[in-house]
J.: 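Supplied in structure tokens, the structure appears directly below.
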2 protein chains.
Amino acid sequence: MSKITTRDKLLDITFKEVYIYGYAGSSISNILKIAGIPKGSMYHHFPSKKAMVIAMIKERLTPKVREAFYIQIDDDSRAVDILSFLFKKISKNEMLIKHGCPLHKLMFEMGSLDDEITKLCHQEFIFLIENLAKLIDIGKQKGDIREEDSKSLAKFIIISSWGALSLAPNHSSKEQFLQDTKHILEYIKA
Amino acid sequence: MSKITTRDKLLDITFKEVYIYGYAGSSISNILKIAGIPKGSMYHHFPSKKAMVIAMIKERLTPKVREAFYIQIDDDSRAVDILSFLFKKISKNEMLIKHGCPLHKLMFEMGSLDDEITKLCHQEFIFLIENLAKLIDIGKQKGDIREEDSKSLAKFIIISSWGALSLAPNHSSKEQFLQDTKHILEYIKA
DNA sequence: TTATAATTAGACCGACCAGTCTACTATAAA
DNA sequence: TTTATAGTAGACTGGTCGGTCTAATTATAA
């Protein structure tokens, strides 16, 4: 029953367009053309392109990335298994494999160009790290891991995963990603 | 004596502009304004924006990146020392710390947008991997490393370094980079 | 000097950019 | 039925985009 609102449609398409073409490379006109929505409607809901992108980050990008980098675990999971499971989940996410992590991509592009967007992205980055650190802490109780600082380790894991996902799409694949992140697992095991 | 030619000036400024603003975010008009060069001169040397950027990649970006990711080593260097030295060198490169690896950034942006540029970037990526693998092979002879596949390891090291360098500039620093890559060194030592 | 090519110079073009404006319509409360 | 509000609609604006064009200038060689 619930119909898709103009706002929802705009945010959905803005996510895709900014994800693929970047902030600078995406255009309002094209987003509107795809959505079949006139300009006035968009500028009724958002005061500017930047405002729409910020709403998109909060309401689309952030939830997607949280979901992609999160896994449910049993209480008796070992840290190695948790990470192995996480990598397998990420590798199955075609979006991530093909275009990299949307948070990473936007953060990289906007780094020195816009403080507000950069700050927003960085907050989410911190959230991902802390979330993963919690998972590692749970796994650590099973004693199969020697690393003390879970946050530092979590950061390294996300950074490395992002790196592995950010290669040119022609040359990245599920198998390649798993191969590239294998080193992280071996490091944890050590 | 040798004066800077119009072409050289254009390539220098194009590198900076594309590095900071991205391919889509940079503009010919702005590059010309900064260079103090009229349009006709530029379009005499290059048929298009894309052609100028491709020349810039070959003649500016590639040499800079090769230099940044290369180190001279002694014949009796251990692999761990080689990498430790490399990370220290990278951490001293303010350009890399502030804006990430220009090759990585361009490759990430253009990934699914332009085959020619993507291919060019990827070739250089392969070159970096093979170069680093050679260094690792030399260090491996000293027997302080257990990894068999030097290329896979080299790829992982570059990917992870790129990831660590691609965080928002406000939150990246020499110290942070060394902290983030510390895990790689510990992995090698293991 | 003269002919030829290389380069510099910038006005100009149509397309597209983000954003504004006014008019219209749908909804719902009074 | 009236009035207010939320949302839809798209023509329009000033500015910038990449790229073209012709003319002027400079360098090279005969």
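Here is the naming used below: chain letters follow the sequence lines, and residue numbers restart at 1 for every chain. Atoms considered below: every heavy atom in the structure, side chains included; atoms not considered: hydrogens, waters and symmetry mates.
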J.: Would you please confirm or rule out a distance under 4.0 Å between OP1 or OP2 of D:dG7 and any side-chain N or O of A:H44?
T.: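 Looking at the OP1 and OP2 atoms of D:dG7, one of them is under 4.0 Å from a side-chain N or O of A:H44.
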J.: Cation-pi check, B:K182 to B:F177: give yes when NZ or CZ is under 6.0 Å from the six-membered ring centre and within 45° of the ring axis, no otherwise.
T.: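 The answer is no; the distance or angle limit is not met.
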J.: In whole Å, what is the span from the CD1 atom of A:I31 to the C1' atom of C:dG19?
T.: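 Roughly 14 Å, once rounded to whole Å.
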J.: The helix from C:dT1-D:dA30 to C:dA30-D:dT1: angle between its terminal axes, five pairs each, to 10°?
T.: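 Overall, the helix from C:dT1-D:dA30 to C:dA30-D:dT1 bends by 0° from one end axis to the other.
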J.: Just the rounded figure in Å: distance from P of D:dG10 to NZ of A:K33.
T.: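 That distance rounds to 15 Å.
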J.: Can a side chain N or O of B:T6 be found less than 4.0 Å away from OP1 or OP2 on C:dT7?
T.: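 For C:dT7, OP1/OP2 do not have a side-chain N/O of B:T6 under 4.0 Å.
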J.: Is a salt bridge present between A:K134 and A:D137, judged by a nitrogen-to-oxygen distance below 4.0 Å?
T.: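 No, this pair does not count.
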J.: How many Å lie between NZ on B:K9 and P on C:dT8, as a whole number?
T.: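 Distance, rounded to whole Å: 11 Å.
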J.: If only side-chain N and O atoms of A:H45 are considered, is one of them under 4.0 Å from the OP1 or OP2 phosphate oxygen of D:dA6?
T.: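 So the side chain of A:H45 is outside the cut-off, no N or O lying under 4.0 Å from OP1 or OP2 of D:dA6.
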J.: Charged N to carboxylate O below 4.0 Å: is that the case for B:K9 and B:D12?
T.: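 Salt bridge between B:K9 and B:D12, a charged N being under 4.0 Å from a carboxylate O: no.
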J.: Please list each protein N or O that sits under 3.5 Å from an N or O in nucleotides 25-28 of chain D, with the distance.
T.:
none

J.: Output the rest of the hydrophobic cluster of A:Y70: all Ile, Leu, Val, Met, Phe, Trp and Tyr residues reachable through side-chain heavy-atom contacts under 4.5 Å, sorted by chain and number.
T.: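 In the cluster with A:Y70 there is nothing else; it is isolated.
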J.: Quick test of your reading of the model: are B:E124 and B:R66 salt-bridged, counting only N-O distances below 4.0 Å?
T.: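 Yes, this pair counts.
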J.: Output a table of nitrogen or oxygen pairs between the protein and nucleotides 14-18 of chain D separated by less than 3.5 Å.
T.:
from, atom 1, to, atom 2, distance (Å)
D:dC17, OP1, B:S27, OG, 2.9
D:dC17, OP2, B:S29, OG, 3.2
D:dG18, OP1, B:S26, O, 3.4
D:dG18, OP1, B:I28, N, 3.3
D:dG18, OP1, B:K49, NZ, 3.1
D:dG18, OP2, B:I28, N, 2.9
D:dG18, N7, B:K39, NZ, 3.1

J.: How would you list all residue pairs meeting ring-ring contact (aromatic ring centres under 6.0 Å, His included) that involve residues 117-140 of chain A, not counting sequence neighbours?
T.: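 Listed once each, the pairs are A:H122-A:F125, A:H122-B:H171, A:F125-A:W162.
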J.: Between A:R60 and A:D8 (salt bridge meaning N to carboxylate O under 4.0 Å), is one present in this structure?
T.: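 Looking at A:R60 and A:D8, the cut-off is met.
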J.: Send over the distance from B:F46 CZ to C:dT8 C1', rounded to a whole Å.
T.: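 Going from B:F46 (CZ) to C:dT8 (C1'), I get 15 Å.
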J.: If the condition is salt bridge (charged side-chain N to carboxylate O under 4.0 Å, His left out), which residues does A:K105 pass it with, not counting sequence neighbours?
T.: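 Not a single residue meets the salt bridge (charged side-chain N to carboxylate O under 4.0 Å, His left out) criterion with A:K105.
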J.: Are B:K64 and B:Y19 in a cation-pi setup, meaning NZ or CZ lies under 6.0 angstrom from the ring centre and within 45 degrees of the ring axis?
T.: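 Output no; distance or angle outside limits.
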J.: Take the protein atom CG of B:L32 and the nucleotide atom P of C:dA9, then report the distance between them rounded to whole Å.
T.: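 In whole Å, C:dA9 P and B:L32 CG are 12 Å from each other.
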J.: Are A:E59 and A:R7 close enough for a salt bridge, meaning some N to O gap below 4.0 Å?
T.: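 Yes, A:E59 and A:R7 are salt-bridged.
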J.: Could you tell me whether B:K89 and B:E67 make a salt bridge, using a distance below 4.0 angstrom between a side-chain N and a carboxylate O?
T.: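 Salt bridge flag = yes for B:E67 with B:K89.
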